[in-house]
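Below is one structure, written out as structure tokens, with a few remarks after it.
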Amino acid sequence: MAKEKMMLMGDEAIAQGAIDAGVSGFYAYPGTPSTEIMEYAQHSKDAAALNIHRQWSANEKTAMESALGMSYCGKRALVSMKHVGLNVAADPFVNSGVTGANGGIIVVAADDPSMHSSQNEQDSRILARFALLPIFEPANQQEAYDMAFAGYELSEKYKTPVMLRITTRLAHSRAGVALKERRAQNGAKLPENKRQFVLLPGIARKQYKTLVANQAKFEEESEKSPFNRYIDGTDKSRGIIACGLAYNYLMENYPDGCPHPVLKLCQYPAPKKLVEKLVKETKEILVLEDGQPMVEESLRGLLDRDVRVKGRLTGELPRDGELNPLFVRRALGMADICGEPTPAIVAGRPPAFCVGCGHIDAYNAIKEVVTKGYEDGHVFADIGCYTLAALPPFEVVNSCVDMGASITMAKGAADAGLFPACAVIGDSTFCHSGMTGLLDCVVENANVVIFILDNSATAMTGGQDSHATGRLQEICKGLGVKEEHIRIVNPLKKNHEEMVRVIKEEIEYKGVSVIIPTRECIQTLGKKNKKGGE
Amino acid sequence: MKSDIILAGVGGQGILSIAAVIGQAAISAGLHMKQSEVHGMSQRGGDVQSHLRISDKEVFSDLVPHGAADMILSVEPMEALRYLPWLSKQGWIITNSQPFVNIPNYPDAQAIIAEIEKKPRHIIMNADEMAKAAGNSRGMNMVMAGAASLFIDIPLEKMEGAIEFLFGRKGPEIVKSNIAAFRAGREFAQKKRG
């Protein structure tokens with residue numbers, strides 16, 4: 001029975017698809033543009049009624065491992081993360097290719113080309129290829145939904161995890177999606193081979209051979225996948241490979257249909273026979289792909305002699321950044337259509353702290369200390385709202401690299417003799433990847449001052465719950481920070497002098513200090529008050 | 001029928017409620033629709049935009065192509081100008097006149113308005129004031145949606161039905177005051193367009 005269409009963002013379509021395809025558990029850590037997958041599952045009445053697991057994990061690695069554990073029991077699991085989160089989860093992700101799956105596993109990697117909200121723009125397809133896993137890359141919201149079904153089928157057919165790769169634009173764009181009949185969740189079924197998940201070298205070597213042997217089968221699946229389509233055209237002067245979302249930008253420029261043969265490529269490994277057909281029938285190949293030139297590079301090969309392959313490497317498309325209809329238009333050799341340029345009077349409007357944010361008061365105190373009396377001080381920051389103190393009016397942050405790097409970079413700098421070496425990290429980021437770094441500091445009694453800005457939320461991504469809430473002091477104590485050097489302050493304007501004094505005291509202490517400015521995120525507080533008032 | 005709209009504003013101003021009303025109306029009118037939005041860092045007071053595409057044919061790109069927008073609908077005057085590269089030659093700029101100043105180098109507000117007035121098709125309105133006059137001090141976005149609705153080929157009752165659909169659970173008073181704000185915006189645009 002056909003149901004009515006739902007308006008869903010790409011992220012939401014994936015979550016609804018997984019629910020309807022019989023998933024038993026969602027696992028994730030918030031990260032733009034992947035966050036709304038878990039949020040949708042958490043708000044879904046269906047997911048609640050079906051008793052599907054849908055709580056945040058401490059980080060992407062623990063999420064990936066939990067998904068693997070659910071798969072071990074024969075159930076379907078979905079783990080979602082942003083592209084850089086996949087780096088955190090890379091250890092279990094790559095090894096999951098060798099263990100394989102029992103119940104189906106879909107790993108959603110949401111890439112952010114153009115770095116709208118990220119530190120880099122890596123292409124997760126390359127990491128999946130590295131792990132020798134099949135990849136699905138939807139062109140639209142409907143495919144994102146359908147690929148949850150196809151992904152689990154493929155995953156269970158070959159007992160392998162699969163990647164579902166999306167980019168920001170699809171993640172955060174809505175369109176109508178037709179739902180399918182819901183499939184029941186798997187019953188519990190433990191692995192038939194008791195050694196499947198035991199990656200001792202002798203076992204891993206054998207399983208790795210299986211994974212390698214499966215590559216031909218994965219390719220065969222891509223050849224016959226309904227998501228990969230060869231669409232013939234009369235003008236053979238050019239053939240076009242359009243990967244995922246890029247297919248839309250192509251068709252946008254040919255409202256009456258593309259005159260050239262097109263290979264719409266949405267499932268990998270790339271189907272060699274279909275590519276071969278396109279190459280044979282056309283004079284040159286244009287590759288359109290969002291992210292890095294993975295398909296283009298593999299077509300050109302190491303020696304790069306094939307002048308017939310065009311794309312990001314040959315300047316037809318920009319080498320970096322997100323694709324859009326205009327860039328694709330230019331690559332197709334069509335004249336620009338563009339409105340007027342933005343007038344010079346328009347000023348940039350970078351993101352900033354919310355009015356009333358506790359981080360403002362914390363940074364006012366930190367800035368006063370490191371600009372008056374401790375001018376040699378450096379502030380190593382981390383990933384979150386508080387990175388915004390790198391911009392005016394604060395400009396007090398010296399680094400932002402990856403989750404947790406504030407503490408460990410401050411330690412390394414202190415090791416090198418920098419004084420004072422300060423770290424600023426949020427409560428959620430601390431629980432994600434800061435705790436182990438703090439342990440490093442404690443073991444050597446490094447001379448660092450660590451600020452854990454506790455706003456009881458994962459704020460930048462929209463105020464999700466933080467694992468740290470109510471546990472920060474205990475965690476620091478448990479890791480071995482001396483109780484008298486764990487200082488709680490309330491970041492309010494009226495407490496400025498007190499904060500400055502506490503910071504100076506802890507800088508003067510030669511060892512590990514943790515200062516925890518504690519005040520709830522103004523956004524989550526506002527939402528709660530609104531809810532209470534209704 | 002095709003209507004490509006760039007919705008513009010500042011993170012936190014709530015442009016997505018406009019997208020929701022027009023988008024919902026498009027769906028109930030049986031049209032194709034895609035709407036992309038900005039999440040993440042920019043929502044913290046940065047410039048944000050949403051691309052809303054409505055058509056009686058299949059919509060491919062989630063992004064409005066450059067030079068193709070039928071309308072820039074902005075809740076803030078400077079933000080209206082930011083997206084001129086997307087506006088088609090026949091496109092309209094419909095903007096709130098009230099600046100949202102959260103940067104130290106915000107340009108002279110008069111100069112911004114003068115720049116918008118140079119464009120042949122524009123409607124500049126004090127939507128904050130009009131919302132208040134309509135008895136809905138938080139209805140600025142609905143005033144803007146109402147002004148935009150005049151230029152979108154979707155029946156008025158579908159638009160108002162969308163407001164009812166989206167705000168219904170908040171009670172009939174909220175629906176009524178949002179529809180009042182919506183109508184105020186539409187009437188103003190009607191007079192301006194002539």
Side-chain angles (χ1 to χ4, degrees), chain A residues 5 7 9-10 32-33 35-36 112 116-118 139-141 168-176 245 247-253 255 322 324-326 328-329 336-343 345-355 357 385 387-388 392-393 459-462 523 534, chain B residues 10-12 19-20 23-24 27 32-48 50-51 53 57-69 72 76 78-79 81-89 91 100 102-108 111-112 114-115 118-119 170:
Chain A
K5 282 193 177 185
M7 287 306 299
M9 288 197 292
T32 312
T35 312
E36 294 78 9
D112 189 20
H116 299 283
S117 221
S118 301
N140 55 46
Q141 293 78 354
T168 311
R169 211 45 75 178
L170 181 60
H172 291 161
S173 172
R174 292 170 206 279
L245 201 63
Y247 177 72
N248 299 342
Y249 301 143
L250 172 67
M251 297 313 290
E252 188 68 36
N253 282 299
E322 185 186 16
N324 63 35
L326 180 62
V328 170
R329 186 175 181 83
D336 274 16
I337 299 178
C338 207
E340 294 173 30
T342 305
I345 191 170
V346 176
R349 198 187 301 254
F353 290 120
C354 306
V355 175
C357 173
C385 291
T387 319
L388 293 171
M460 180 63 95
T461 47
Q523 294 287 345
E534 259 175 24
Chain B
V10 180
Q24 178 62 37
I27 297 302
H32 294 273
M33 200 270 275
K34 273 191 178 174
Q35 181 236 323
S36 83
E37 51 198 58
V38 174
H39 292 210
M41 205 166 208
S42 301
Q43 286 180 301
R44 303 279 162 268
D47 55 277
V48 292
S50 167
H51 291 216
R53 312 197 67 196
K57 298 191 187 69
E58 183 179 0
V59 177
F60 282 102
S61 170
D62 296 84
L63 294 171
V64 174
H66 286 74
I72 292 173
E76 205 277 348
M78 183 176 78
E79 295 307 321
L81 291 169
R82 193 182 301 282
Y83 303 100
L84 284 183
W86 277 266
L87 191 64
S88 88
K89 289 200 166 60
F100 187 98
N102 65 342
I103 45 170
N105 56 333
Y106 193 94
D108 176 51
I112 289 275
E115 189 72 33
K118 281 189 209 161
K119 309 302 160 199
K170 294 187 176 174

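Everything quoted here is computed from the prediction, not taken from an experiment. Below, chains carry the letters A, B, ... as their sequence lines are ordered, and counting in each starts from 1. These values consider heavy atoms only, across backbone and side chains, with no hydrogens, waters or symmetry-generated copies.
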| Taking every heavy-atom pair that is under 4.5 Å apart, which of A:Ser118, A:Ser117, A:Ala347 has the most such pairs with chain B? | A:Ala347
| request: Against chain B, label A:Met7 side chain, backbone, both or neither, depending on which of its atoms sit under 4.5 Å from a heavy atom there. | output: side chain
| When heavy-atom pairs shorter than 4.5 Å are enumerated against chain A, which of B:Ser36, B:Ala111, B:Ala19, B:Pro85 gives the highest number? | B:Pro85
| note | Interface check, chain A: of B:Val38, B:Val10, B:Asp108, most non-hydrogen pairs under 4.5 Å belong to B:Val10
| message | When you compare the side chain of A:Gln141 with that of B:Asp62, does any pair of heavy atoms fall below 4.5 Å? | response | yes
| task | Take B:Gln35 and A:Met9 through the side-chain contact (heavy atoms from CB on, under 4.5 Å) test and state the conclusion after the steps. | result | CA-CA 9 Å; B:Gln35 181 236 323; A:Met9 288 197 292; over 6 Å; no
| note | Under 4.5 Å to a heavy atom of chain A? For B:Leu63 that would be both
| request: Could you check which of B:Val59, B:Val64, B:Asn102, B:Asn105 has the highest count of heavy-atom pairs closer than 4.5 Å to chain A? | output: B:Asn102
| Is it the side chain or the backbone of B:Leu87 that comes within 4.5 Å of chain A heavy atoms, both, or neither? | backbone
| task | Could you tell me which of A:Pro33, A:Cys354, A:Gly348, A:Ala139 has the largest number of non-hydrogen atom pairs under 4.5 Å with chain B? | result | A:Gly348
| query | Where does B:Lys119 contact chain A at under 4.5 Å (heavy atoms): side chain, backbone, both or neither? | reply | side chain
| request: With a 4.5 angstrom heavy-atom cut-off, could you sort out which part of B:Val48 is near chain A: side chain, backbone, both or neither? | output: neither
| field | Choice from B:Pro107, B:Gly67, B:Ser61, B:Gly12 maximising heavy atom contacts with chain A below 4.5 Å | value | B:Ser61
| Of the backbone (N, CA, C, O) and the side chain (C-beta and beyond), which part of A:Leu250 lies under 4.5 Å from a heavy atom of chain B, both, or neither? | neither
| said: Counting C-beta onward and ignoring hydrogens, is there a side-chain heavy-atom pair between A:Ile337 and B:Pro65 closer than 4.5 Å? | reply: no
| query | Any salt bridge between B:Glu37 and A:Arg169, counting N to O under 4.0 Å? | reply | no
| task | Please determine, among A:Cys385, A:Pro341, A:Ala175, A:Cys338, the option with the most heavy-atom pairs under 4.5 Å with chain B. | result | A:Cys338
| request: For chain B, find which of A:Pro392, A:Ser173, A:Pro343, A:Pro255 contributes the most heavy-atom pairs closer than 4.5 angstrom. | output: A:Ser173
| request: Indicate yes or no: at least one non-hydrogen side-chain atom of B:His66 is less than 4.5 angstrom from one of A:Pro325. | output: no
| query | Taking C-beta and beyond as the side chain, do B:Glu79 and A:Val346 meet within less than 4.5 Å on heavy atoms? | reply | no
| Should the pair A:His172 and B:His39 be assigned to parallel (<30°), tilted (30 to 60°) or perpendicular (>60°) ring geometry? | parallel
| query | What is the minimum heavy-atom distance between B:Arg44 and A:Gly462, and which atoms define it? | reply | NH2-N, 4.1 Å
| message | Looking only at heavy atoms and a cut-off of under 4.5 Å, which of A:Gln523, A:Glu340, A:Glu36, A:Arg329 has the most pairs with chain B? | response | A:Glu340
| Salt bridge or not for A:Arg349 and B:Glu76, using N-O below 4.0 Å? | yes
| task | For the residue pair A:Pro350 and B:Ile103, establish whether any side-chain heavy-atom pair is separated by less than 4.5 Å. | result | yes
| query | Is any side-chain heavy atom of A:Tyr249 closer than 4.5 Å to a side-chain heavy atom of B:Phe60? | reply | no
| request: Below 4.5 Å from any heavy atom of chain B, which atoms of A:Tyr247 appear? Answer side chain, backbone, both or neither. | output: side chain
| With chain A, which of B:Met78, B:Lys89, B:Lys34 has the greatest number of heavy-atom pairs at distances under 4.5 Å? | B:Met78
| query | Would a distance-only check, ignoring hydrogens and angles, find a side-chain to backbone donor-acceptor pair under 3.5 Å from A:Thr342 to B:Arg82? | reply | yes
| note | Whatever's closer than 4.5 Å to a heavy atom in chain B on A:Ala171 counts as neither
| remark: From the list A:Pro393, A:Ala352, A:Gly10, the residue making the most non-hydrogen contacts under 4.5 Å with chain B is A:Ala352
| request: Please determine, among B:Ala69, B:Gly45, B:Gly46, B:Gly11, the option with the most heavy-atom pairs under 4.5 Å with chain A. | output: B:Gly46
